[in-house]
Amino acid sequence: MPTNILAIESSCDETAASVCSEGRIISNVIASQSVHELYGGVVPELASRAHMEQIIPVVEKALNDAAISSQQLDAIAFTQSPGLIGSLLVGAQFAKSMALALDKPLIAVHHMQAHVLANLIPERKPAFPFLCLTVSGGHTQIVLCESPLHLKVLGETIDDAAGEAFDKSAKLLGLPYPGGPLIDRYAAEGNFKRFKFPEPKVPGLNFSFSGLKTAILYFLQNAGKSMVYKEQFLASVEEKNNFIQSNLSDLCASIQQAIIQILLHKLEMAVEQTGITSICLAGGVSANRGLRTALESAGRKNGWETFIPSFEYCTDNAAMIAITAYYKWLAKDFVSLDTSPSARAHW
Ligand code: KG4
Ligand code: ZN
C-alpha cells in the first residue's frame with residue numbers, strides 16, 4: 001500500500017492543502033487571501049480569520065482531488081514554523097485534530113526547508129549535494145542541501161528579504177501590494193541598463209537589501225536628477241510622479257536587475273566556496289522571469305546544472321510541505337500532539 005500524507009500550509013496568507021502518495025503529489029489546493037490588497041501588506045488578524053474560513057473546504061478539496069478518504073491517510077503534516085503565529089495556529093490545530101481523530105502520526109515541517117525541497121517534486125530532480133537560493137517575501141537564504149533532512153544555511157539576509165525589496169520598491173513607484181509580480185511585468189518592457197543602483201557591500205554570503213530601497217527612495221525624490229542624497233534636488237510630488245510615469249518600465253527593469261545582481265553574485269561566491277554546481281531556486285521570488293532567465297544563463301556560462309520548480313511550487317503551497325513530510329515519514333520523524341507552532345525558528 002502506498003503511503004498517503006495530507007499536508008497543510010497556513011504560515012502566511014495562503015490556506016493550502018496537498019496529498020502526496022509515496023512521494024508523488026496527487027493534489028495541491030491553494031486559497032489565496034485577497035483581503036490584504038486593501039492594506040498594502042498582510043494583516044495578521046485578517047489572515048487568521050481567513051484561514052479559519054478556508055481550511056475545511058481546502059482540505060476537503062485536496063482529499064477529493066486526490067480521490068482519497070481521510071481513512072486512507074497514513075499521516076498528517078503541517079507547517080510548524082516560521083510564519084504568523086495566528087495563521088500557523090489554525091493549520092497546526094486542524095492537523096492535530098485530524099491526527100487525533102484518525103489516530104495517525106503527526107509530522108511538523110519547517111516552511112523554509114519545504115521551499116528548498118519543492119525542488120524534489122518534479123521528475124527532474126537535483127542530485128545531492130545541491131545549493132538552493134531561497135527567495136521569498138520573508139526570507140533570502142543560500143542553503144546547502146546534503147540530503148532531504150540535512151540542510152545548512154550558508155548565508156541569509158541581514159535586513160529585508162528579496163521579496164520585500166521587490167514589494168517595497170514597487171510601493172515607492174506607487175504600485176499596489178504585492179508589487180513583485182508587477183515589477184516583473186513592467187520590467188519585461190524596460191531597459192535594465194537605464195538606471196544603476198548601488199550593490200551593498202556585505203561580508204560573506206549574507207545579503208542586504210535595505211540600502212537599495214533607500215537609494216531608490218532618494219533617486220525618486222530627486223525625480224531621477226541625482227542618485228546622491230547630499231546633492232538633493234527634491235522634486236515636487238508632481239515632478240516625481242511624472243518621472244515615475246514616464247520611466248516606469250525602465251525603473252522596474254533597473255530595480256529588478258539590481259536585485260538579481262545582488263542574488264547572483266552571492267550565489268557565484270557560494271559555488272566558488274563549496275565547489276557545488278547543482279543549483280536550485282525556491283520561494284515566491286523565483287517566479288520572477290528576470291531571475292529565472294539570469295540563473296539559467298549564469299548556469300550555461302559557468303557550467304552549473306540549474307533547477308527551477310514550476311510556478312505553483314515556487315510560491316507558498318502545501319505540496320512542498322507534503323514532499324518534506326514524506327522524507328520525514330521515511331525517517332519516522334513524528335511529533336507529539338502537544339507540539340506548538342512557532343513564529344520564528346532556526347533549523
Ligand atoms: O514564498 P512566497 O509566496 O511567500 C513567502 O513565504 O514570503 O513569496 C512571496 C513574495 C512576495 O514578496 C512577492 O512580491 C514575491 O514573492 N513575488 C515576486 C514575483 N512573484 C511573487 N517577486 C518578483 N517577481 C515575481 N514574479
Ligand atoms: Zn514561503
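One-based numbering, in listed order, for ligands and for the atoms of each. This structure is a prediction, so every number in the text was calculated from the model and none was measured.
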*Asks:* So which heavy atom on N317 is nearest to which on N28, and how close?
*Replies:* CB-OD1, 4.2 Å

*Asks:* In terms of ring plane angle, is the pair F197 and F195 parallel, tilted or perpendicular, where the classes change at 30° and 60°?
*Replies:* tilted

*Asks:* Give me the atom names and distance for the closest heavy-atom approach of D160 to F209.
*Replies:* O-CD1, 3.4 Å

*Asks:* Is it true that F130 and F128 have ring centroids separated by less than 6.0 Å?
*Replies:* yes

*Asks:* Using a strict cut-off of under 4.0 Å between a residue heavy atom and any atom of ligand 1, list the qualifying protein residues by chain and number.
*Replies:* H111, H115, S136, G137, G138, G163, F166, D167, P178, G180, P181, D184, G283, G284, V285, A287, N288, T315, D316

*Asks:* With no hydrogens and no angle check, just 3.5 Å: does a side-chain donor-acceptor pair link H51 and D13?
*Replies:* no

*Asks:* Evaluate the side-chain contact (heavy atoms from CB on, under 4.5 Å) criterion for residues M112 and T134: first the C-alpha distance (whole Å), next the side-chain angles of each, then the deciding distance (0.1 Å), finally the verdict.
*Replies:* CA-CA 8 Å; M112 299 311 295; T134 311; 3.5 Å; yes

*Asks:* Leaving out waters, which are not shown anyway, how many protein N, O or S atoms lie closer than 2.8 Å to the Zn ion (ligand 2)?
*Replies:* 3

*Asks:* Nearest heavy-atom pair of A170 and G179: which atoms, and what distance?
*Replies:* CB-CA, 3.4 Å

*Asks:* For K125 and L120, which heavy atoms make the closest approach, and how far apart are they?
*Replies:* NZ-O, 3.0 Å

*Asks:* Which heavy atom of K328 sits nearest to which heavy atom of A108, and what is that distance?
*Replies:* NZ-O, 2.9 Å

